[in-house]
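Everything below concerns the one structure shown next.
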Amino acid sequence: MLKKTGIPTQADLQEVYPRPERLAQGPVAVIECFQRIPCNPCATACQRGAIQPFEDINDRPQLDVDRCNGCALCVASCPGLAIFVVDETYSEDQALIKLPYEFLPLPQEGKIVAALNRAGEKVGEGIVVRVQNPPAFDRTAVIHLAVPRELASDVRNILVEGEPHAER
Ligand code: SF4
Ligand code: SF4
């Protein structure tokens, strides 16, 4: 399924998804990178050693969830837009998703946007609570999106309705 559609199956996701006990402790990266490709900026971006150094450039990233603090440096570094941070402790009924975003204009903080799943389908709405876009992120912004907690494992993109979109 993944090779045909680019959308991971539940089995693919189970392989990389942090366990509920870790999710209950605070923000953590979810690395949805399923194919062996010559790429490693995620590992070099992580300053906490949470993504283990690659022995082979084609290795898939291995995350040590206990070292990860959810800083999202790896989110901005990934050319495949395959890394997200999920914080299920954000509030009583909301989770925070930090997701990569490469369209313009960037959404304003406080804006309500459509929350999309991995297939690009709208599954709900989210609130943009922060937009990180420093020069070091090299035009991959990181959007902090508050979503209903039950959508935390589904929401992986946004659509800023009513605004034109262009690749950056
Ligand atoms: S979120 Fe931060 S600490 Fe966690 S793997 Fe990514 S860069 Fe490392
Ligand atoms: S940077 Fe992204 S695409 Fe490259 S290996 Fe890491 S997670 Fe996969």
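The analysis underlying the following values was restricted to heavy atoms, covering all of them including side chains, and did not include hydrogens, waters or symmetry mates. All ligand and atom numbering here is 1-based and tracks the order in the structure. Note that the structure is predicted; figures quoted are calculated from it, not measured.
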Cys71 N/O/S atom closer than 2.8 Å to atom 8 (Fe) of ligand 1
no

Do any N/O/S atoms of Cys42 come under 2.8 Å of atom 6 (Fe) of ligand 2?
yes

Nearest 0.5 Å, please: how far is CD1 in Ile83 from NZ in Lys98?
13.0 Å

Nearest protein heavy atom to [atom], by residue and atom, and its distance?
atom                    : result
atom 4 (Fe) of ligand 2 : Cys39 SG, 2.2 Å
atom 7 (S) of ligand 2  : Cys33 CB, 3.5 Å
atom 2 (Fe) of ligand 2 : Cys78 SG, 2.3 Å
atom 8 (Fe) of ligand 1 : Cys46 SG, 2.3 Å
atom 6 (Fe) of ligand 1 : Cys74 SG, 2.3 Å

For the CD atom on Glu21, are there more than 12 heavy atoms of other groups (residues, nucleotides or ligands in this structure) within a distance under 6.0 Å?
yes

Leu96 vs Leu145, side-chain contact (heavy atoms from CB on, under 4.5 Å): CA-CA, chis, key distance, verdict
CA-CA 5 Å; Leu96 189 77; Leu145 187 74; 5.7 Å; no

Could you walk me through whether Thr44 and Ile51 pass the side-chain contact (heavy atoms from CB on, under 4.5 Å) check?
CA-CA 8 Å; Thr44 56; Ile51 301 177; over 6 Å; no

I need the atoms of ligand 1 closer than 4.0 Å to a non-hydrogen atom of [X], numbered in the order shown.
X     : result
Arg48 : 3 (S)
Leu63 : 5 (S)
Ile51 : 5 (S)

Test Val85 against Val75 for side-chain contact (heavy atoms from CB on, under 4.5 Å), laying out the working first.
CA-CA 8 Å; Val85 167; Val75 174; 3.9 Å; yes

If you take all heavy atoms of Ile158 and Pro107, which pair is closest and at what distance?
CD1-CG, 3.9 Å

When every non-hydrogen atom of Cys33 is compared with those of Arg60, the smallest separation belongs to O-NE, 3.1 Å

If the cut-off is 2.8 Å, does any N/O/S atom of Cys68 fall short of it from atom 6 (Fe) of ligand 1?
no

Going by the order shown, which atoms of ligand 2 are within less than 4.0 Å of some heavy atom of Pro79?
1 (S)

Check each atom of ligand 2 against the heavy atoms of Ile83 and keep those under 4.0 Å away; list them by number with element.
7 (S)

Return yes if some donor-acceptor pair links the side-chain N/O of Arg48 with the main-chain N/O of Arg67 below 3.5 Å, else return no.
yes

Passes salt bridge (charged side-chain N to carboxylate O under 4.0 Å, His left out), Arg149 versus Glu92? Steps please.
CA-CA 8 Å; Arg149 180 194 284 268; Glu92 211 166 286; over 6 Å; no

Ala72 to ligand 1, any heavy atom closer than 4.0 Å:
yes

